[in-house]
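Please read the structure below before turning to the comments.
Note that the structure is a prediction, hence the values are computed from the model and not measured.
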Amino acid sequence: MIVDQIRESVLSGLKELYDQSFQEKDFQINQTRPEFEGDYTVVLFGLVKSLKKSPDALGHELGAKMVSNNPTLFTAYNLIKGFLNLTVSDTYWVDLLASNTDASCYGKGAPNGQRIMVEYSSPNTNKPLHLGHLRNNFLGWSISEILKGSGADVFKTCIVNDRGIHICKSMLAWDNWGNGATPDSTGIKGDHFVGDYYVRFNEEYKKEVKELVDRGMKEVEAEKEAPLMKATQEMLLKWEQGDPHIVGLWKMMNSWVYSGFDITYKKIGSDFDKTYYESNSYLLGKEDVEQGLKNGVFHQKSDGSVWIDLTDDGLDEKLVRRKDGTSVYITQDIGLARLKYTEFKIDQSIYVIGDEQNYHMKVLKLICQKLGMPFANDIHHLSYGMVELPTGKMKSREGTVVDADDLVDEMIRIARQHTMELGKVNDFTEAELDALCDTIGLGALKFYLLRVDPKKRMIFNPEESIDFHGFTGPFIQYTHARIRSILRKESIDFSHKPAGEGLLKLEKQLLIELEQFGNIILQSANELDPSQMAIYIYTLAKTYNTFYAEHSVSRAESEEKKELRLRISLLTAEVIRSGMAMLGIKVPDRM
RNA sequence: GGUCCGGUAGCUCAGUUGGAUAGAGCAUCAGCCUUCUAAGCUGAGGGUCAUGCGUUCGAGUCGCAUCCGGAUCACCA
């Protein structure tokens with residue numbers, strides 16, 4: 001890549017001139033700001049001190065050396081204060097097109113043998129997916145594709161939280177008040193159907209608590225003593241004992257939820273290579289506790305409970321086994337981490353989980369490290385901020401959530417409305433139109449959630465619908481459709497190299513940006529940050545639109561220019577398509 | 001209280017291991033469709049980068065302190 005070549009040239013130039021060795025940390029290479037002449041800039045200040053030279057003298061000596069050493073790569077340099085601006089030859093940029101006639105895999109890394117697992121989505125089976133889950137699903141899917149793009153083998157997994165006290169709540173509510181209703185009998189999607197009973201439970205439970213408080217009981221106590229809570233705990237106990245009625249109820253209601261999830265996952269494009277169920281894995285990790293006790297990582301208190309002391313690491317004491325011998329959340333996670341490692345022989349394990357669990361993930365990694373597990377150092381938490389409403393946090397118990405299905409449907413509806421108003425695809429069949437509106441609506445939604453730095457929390461205002469103009473998915477999709485429209489009408493002659501001299505500013509700018517694609521993939525992968533990809537694709541599309549308004553492709557000044565611009569357009573379209581695919585967003589040929 | 005994260009234009013967000021005059025989109029205003037798709041392009045206005053001190057050739061970026069917002073510190077998951 002060009003930045004690497006410049007770096008090499010700087011290092012060897014310095015070596016020749018001053019017989020000193022430097023590292024890449026000692027200077028910076030940036031894209032030259034548009035108000036100056038040049039393509040890339042070497043910032044010299046970091047070198048000045050140890051060479052005992054003025055930035056001016058150093059810049060001229062180094063610039064001249066670099067140009068004379070690499071006459072085919074650099075055509076000129078200029079120096080402003082401590083900034084050495086280099087002009088890269090037009091031939092270099094145009095050769096980019098010649099060496100990438102097969103644009104479909106452009107920018108992607110060669111297979112590197114890395115095996116990476118990405119756990120994401122991880123729903124509870126007591127309620128439908130909401131906006132927060134969408135951010136999780138889009139991030140998980142996207143980072144998986146970006147990691148694949150960087151050359152890794154990726155395994156997508158999901159841990160379904162299908163058991164526990166919260167699951168029993170909706171089960172109990174259905175048992176009490178369901179009157180045998182089913183998703184089929186009511187026509188309600190299965191996950192919503194079950195979620196409604198979860199909400200119902202909490203309503204009734206609240207009433208009971210209030211009644212007890214009114215009779216003089218303390219709230220904390222009332223929450224424990226409410227008959228519904230007691231009944232739920234009893235149900236959980238029966239489930240753990242394998243009570244046939246309870247297990248049957250559990251299986252039936254979970255199957256309703258799964259059929260609902262399937263529809264949603266299919267719509268939003270989430271899928272998994274392996275699904276783990278908590279009902280199968282919640283007993284994992286017990287041997288790890290035994291092992292930890294043996295080698296002194298854990299210690300047992302007089303009541304029989306088992307702990308790990310993390311105070312030396314700035315954390316607290318953490319329980320890993322209750323006094324009654326049952327395991328806690330973190331214990332399962334230790335066991336599951338081990339299972340993933342042994343089943344898939346993975347080099348890295350990435351967890352897409354909200355930032356409310358930052359502490360938990362820190363503890364998990366630390367415990368695995370202390371237990372001497374070989375995979376411990378390769379656990380990474382892709383932590384993301386909560387999606388909140390202007391009114392504050394979403395609470396599923398109170399039903400104040402933006403439902404995933406509703407939101408997706410709404411986005412598609414708006415996409416259809418825009419599309420019909422513009423009337424550009426009136427010849428589409430109904431099926432084609434449906435597919436297009438799905439693409440645009442979901443594209444808008446996914447881009448909206450992915451363009452923001454994952455670790456930042458974001459506020460979503462349902463009153464202001466997600467935009468289709470500007471820094472959005474549809475803007476990029478539209479740019480792609482425009483390019484395809486040109487390419488449909490013209491053909492490209494791949495038999496010869498496009499002419500290389502006299503690149504116009506915008507032609508060169510596009511090539512410079514296209515050249516960066518490979519670096520962007522690596523950077524997004526290394527930092528587990530799809531927003532960098534989103535910003536890059538947007539910038540590229542924006543540059544293309546400026547170019548499009550300024551210069552004609554079909555009616556270029558000469559055949560050579562036309563050929564060159566067709567090739568640039570094709571590569572731009574491919575990079576947009578490929579980059580958007582890594583965000584889980586499709587791009588249409590027409591819209 | 002301890003730990004962690006955040007605070008940049010009216011709003012939503014960028015800002016690479018410190019680099020040139022802090023950038024986009026939305027919204028507002030003014031232009032651009034007889035020529036490849038106007039979901040587009042061009043221009044204008046809009047900033048005490050939360051606050052203060054420090055580090056140095058140079059700080060939105062690093063350090064310390066303070067203010068504001070959030071998360072977390074369960075024998076819950």
Side-chain angles (χ1 to χ4, degrees), chain A residues 24-25 28 30-33 35-36 41 43-46 48-49 55 80-83 85 124 161 163-167 278 282 301 303-307 314-324 326-330 332-333 354-360 362-363 383 385-386 388 393 415 418-419 421-422 424-425 440 444 448 451-453 455-461 464 467-479 481-490 519 523 527 531-532 534-535 538-539 541-542 545-556 565 569 590-591:
Chain A
E24 52 177 288
K25 285 173 196 161
Q28 286 180 7
N30 301 329
Q31 225 191 304
T32 304
R33 297 179 67 112
E35 59 266 36
F36 302 102
T41 297
V43 185
L44 302 169
F45 297 107
V48 169
K49 202 174 271 180
I80 299 168
K81 292 190 268 182
F83 299 90
N85 301 320
N124 293 319
N161 300 115
R163 50 141 256 140
I165 193 83
H166 52 300
I167 309 298
E278 199 193 301
Y282 79 110
K301 291 195 174 174
D303 66 359
S305 57
V306 180
W307 299 74
L315 306 177
D316 305 280
E317 273 206 322
K318 187 86 187 167
L319 178 95
V320 293
R321 193 170 76 191
R322 298 190 185 97
K323 65 183 171 195
D324 64 6
T326 58
S327 45
V328 289
Y329 181 45
I330 193 111
Q332 308 170 31
D333 278 351
D355 62 7
E356 58 196 354
Q357 300 207 40
N358 283 355
Y359 179 77
H360 173 80
K362 213 185 218 175
V363 170
S383 167
M386 296 289 105
E388 292 176 20
K393 280 189 83 166
H418 281 253
T419 303
E421 278 169 14
L422 290 169
K424 293 179 184 178
V425 292
I440 297 171
Y448 180 85
R451 68 178 203 187
V452 181
D453 184 343
K455 69 173 179 287
K456 294 197 174 179
R457 66 198 170 96
M458 55 192 300
I459 294 171
F460 175 77
N461 189 345
E464 300 165 14
D467 224 307
F468 285 67
H469 302 270
F471 186 16
T472 67
F475 170 91
I476 297 165
Q477 292 171 323
Y478 174 70
T479 309
R482 274 182 142 183
I483 299 174
R484 283 294 159 204
S485 174
I486 297 173
L487 296 176
R488 269 197 301 278
K489 293 167 190 152
E490 307 286 348
N519 257 341
Q523 209 171 297
E527 294 175 32
S531 75
Q532 295 187 20
I535 291 163
Y538 168 67
T539 307
K542 198 173 153 52
N545 278 321
T546 303
F547 162 82
Y548 181 96
E550 197 78 24
H551 307 291
S552 177
V553 176
S554 304
R555 282 167 239 270
R565 289 178 190 166
S569 298
R590 290 180 57 193
M591 68 184 276

Answer whether the closest heavy-atom distance between the side chains of A:Leu315 and A:Tyr359 falls below 4.5 Å. yes
Using a 4.0 Å heavy-atom cut-off across all strands, classify [X] as base, sugar-phosphate, or nothing.
{"X": "A:Thr419", "value": "base"}
{"X": "A:Met386", "value": "nothing"}
{"X": "A:Ser552", "value": "base"}
{"X": "A:Thr539", "value": "nothing"}
{"X": "A:Tyr359", "value": "sugar-phosphate"}
{"X": "A:Lys489", "value": "sugar-phosphate"}
{"X": "A:Arg590", "value": "base"}
{"X": "A:Phe471", "value": "sugar-phosphate"}
{"X": "A:Asn124", "value": "nothing"}
{"X": "A:Gln28", "value": "base"}
{"X": "A:Asp333", "value": "nothing"}

Each stem that RNA chain B is part of, given as range with range (3 or more consecutive Watson-Crick or G-U pairs, under 3.5 Å): B:1-7 with B:67-73, B:10-13 with B:23-26, B:28-32 with B:40-44, B:50-54 with B:62-66
Suppose we call a contact any N or O donor and acceptor under 3.5 Å apart; does that hold for the side chain of A:Asp324 and the base of B:C75? no
Rounding to a whole Å, what distance do you find between A:Gln523:CD and B:U17:C1'? 11 Å
Return the value, rounded to whole Å, for the distance between atom CD of A:Gln532 and atom P of B:C13. 17 Å
Under 4.0 Å from OP1 or OP2 of [N]: is there any side-chain N or O of [X] that close?
{"X": "A:His360", "N": "B:A77", "answer": "no"}
{"X": "A:Lys456", "N": "B:C5", "answer": "no"}
{"X": "A:Arg322", "N": "B:A77", "answer": "yes"}
{"X": "A:Arg457", "N": "B:G70", "answer": "no"}

Closest approach to the side chain of [X], judged atom by atom: which nucleotide of [options] is it?
{"X": "A:Glu356", "options": "B:C26, B:U37, B:A71", "value": "B:A71"}
{"X": "A:Val43", "options": "B:U37, B:G19, B:A20", "value": "B:G19"}
{"X": "A:Tyr538", "options": "B:U72, B:G25, B:C36", "value": "B:G25"}
{"X": "A:Lys362", "options": "B:A20, B:A14, B:C4", "value": "B:C4"}
{"X": "A:Leu319", "options": "B:C75, B:A77, B:C73", "value": "B:C75"}
{"X": "A:Phe475", "options": "B:A20, B:A14, B:G40", "value": "B:G40"}

Within 45° of the six-membered ring axis of A:Tyr538 and under 6.0 Å from that ring's centre, is NZ or CZ of A:Arg451 located there? no
If we ignore angles and hydrogens, is there a donor and acceptor under 3.5 Å between the side chains of A:Asp467 and A:Thr472? no
Salt bridge flag under 4.0 Å for residues A:Lys301 and A:Glu317: yes
Compare the ring of A:Phe45 with the six-membered ring in the base of B:G19 and state whether they stack (centres under 5.5 Å, planes under 30°). yes
Would you please determine if the base of B:A20 is stacked by A:Phe83, with stacking meaning a centroid separation under 5.5 angstrom and planes under 30 degrees? yes
Kindly write out the residues that satisfy ring-ring contact (aromatic ring centres under 6.0 Å, His included) with A:His360, not counting sequence neighbours, or none if the list is empty. A:Tyr329
Are the aromatic rings of A:Phe45 and A:Phe83 close, with centres under 6.0 Å apart? yes
